[in-house]
Amino acid sequence: MDREPTVFESRVYEALCRVPAGKVVTYKTLGHAVGCASGQAIGNAMRRNPFAPEVPCHRVIPATLMLGGFMGDVIGEKIERKRKLLAKEGVKFDEAGKLLDEGCLLADVPLD
DNA sequence: CACCTGACATAAT
DNA sequence: AATTATGCCAGGT
């Protein structure tokens with residue numbers, strides 16, 4: 001189902017683009033950056049459309065520091081790809097899908 | 001316009 | 001510590 005991003009989504013993507021490679025943020029942090037108190041809405045925005053690496057949605061993980069989801073799935077090959085992508089950027093996860101280097105986690109989304 | 005869904009978070013059991 | 005319930009927020013039907 002193709003549709004263009006809504007204003008809210010665009011806002012989220014914009015904030016997301018401020019996350020440098022090799023770093024990750026939680027849905028909550030990202031939500032805080034866009035003034036949204038619900039990570040669920042953020043997750044929705046991610047899940048909707050622009051998944052693929054065009055927007056670094058793979059740099060967003062739940063507060064549990066697990067892999068979370070990717071490309072509309074919470075488990076599967078997509079997630080494996082996400083893990084590899086992040087590993088390539090310097091963010092390593094263990095087999096349980098848990099973030100190893102918490103130093104890669106941004107406490108806040110930097111401004112431009 | 002009302003109800004349901006969802007890649008979340010937090011509190012309570 | 002694990003599971004369940006409640007709160008959040010925007011999108012879809």
Side-chain angles (χ1 to χ4, degrees):
Chain A
M1 174 60 186
D2 316 79
R3 16 161 302 289
E4 42 190 288
T6 67
V7 183
F8 189 72
E9 286 171 24
S10 300
R11 198 178 164 77
V12 175
Y13 308 148
E14 187 175 23
L16 181 53
C17 287
R18 294 180 276 196
V19 179
K23 297 284 180 191
V24 290
V25 288
T26 65
Y27 292 96
K28 184 180 230 187
T29 299
L30 196 52
H32 184 266
V34 299
C36 175
S38 181
Q40 199 128 50
I42 304 297
N44 267 342
M46 302 286 95
R47 186 189 84 73
R48 285 279 151 192
N49 194 0
F51 352 91
E54 300 200 24
V55 132
C57 43
H58 55 271
R59 291 185 199 145
V60 187
I61 62 176
T64 52
L65 307 185
M66 301 301 268
L67 269 315
F70 190 53
M71 298 175 74
D73 283 299
V74 291
I75 185 172
E77 314 236 2
K78 330 244 179 29
I79 302 301
E80 293 301 295
R81 247 174 302 176
K82 174 174 180 178
R83 169 161 48 198
K84 193 157 184 201
L85 263 167
L86 289 170
K88 199 175 170 213
E89 296 188 349
V91 186
K92 313 282 192 52
F93 291 81
D94 66 11
E95 302 218 5
K98 178 82 171 150
L99 177 65
L100 292 176
D101 275 320
E102 285 185 38
C104 297
L105 181 62
L106 291 183
D108 285 301
V109 179
L111 297 165
D112 268 333

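Numbered from 1 within each chain, the chains take letters A, B, ... in sequence-line order. Not measured: the values here are computed from a predicted model. Atom set for the values below is all heavy atoms of this structure, side chains included, hydrogens, waters and symmetry mates excluded.
- The side-chain contact (heavy atoms from CB on, under 4.5 Å) test applied to Lys98(A) returns Leu65(A), Met66(A), Asp94(A), not counting sequence neighbours.
- Legend: residues meeting side-chain contact (heavy atoms from CB on, under 4.5 Å) with Ala52(A), ordered by chain and number and at least two apart, are absent.
- Here dC9(C) presents its C1' atom at 16 Å from NE2 of His32(A), a figure rounded to the nearest Å.
- Take Arg47(A) and apply the salt bridge (charged side-chain N to carboxylate O under 4.0 Å, His left out) test, not counting sequence neighbours, and it matches no residue.
- Residues satisfying the salt bridge (charged side-chain N to carboxylate O under 4.0 Å, His left out) test with Lys78(A), not counting sequence neighbours, are Asp73(A).
- Secondary structure note: stems in DNA chain B built from 3 or more consecutive Watson-Crick or G-U wobble pairs under 3.5 Å occupy B:2-6 with C:9-13, B:8-13 with C:2-7.
- With sequence neighbours left out, Phe51(A) forms a side-chain contact (heavy atoms from CB on, under 4.5 Å) with Cys57(A), Met71(A).
- Going from atom CZ of Arg11(A) over to atom P of dC9(C) covers 13 Å, rounded to whole Å.
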Can you give one letter per nucleotide of nucleotides 6-13 of chain B, going 5' to 3': B for a protein heavy atom under 4.0 Å from the base, S for sugar-phosphate only, - for none? BBBSS---
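- Residues Arg59(A) and Glu89(A) are paired through a salt bridge, judged by an N-O separation under 4.0 Å between the basic side chain and the carboxylate.
- In this view, Gln40(A) and Ser38(A) satisfy the side-chain contact (heavy atoms from CB on, under 4.5 Å) rule, not counting sequence neighbours.
- Among pairs with a residue in residues 6-17 of chain A, those fulfilling salt bridge (Lys or Arg N to Asp or Glu O under 4.0 Å) read Arg3(A)-Glu9(A), at least two apart in sequence or across chains.
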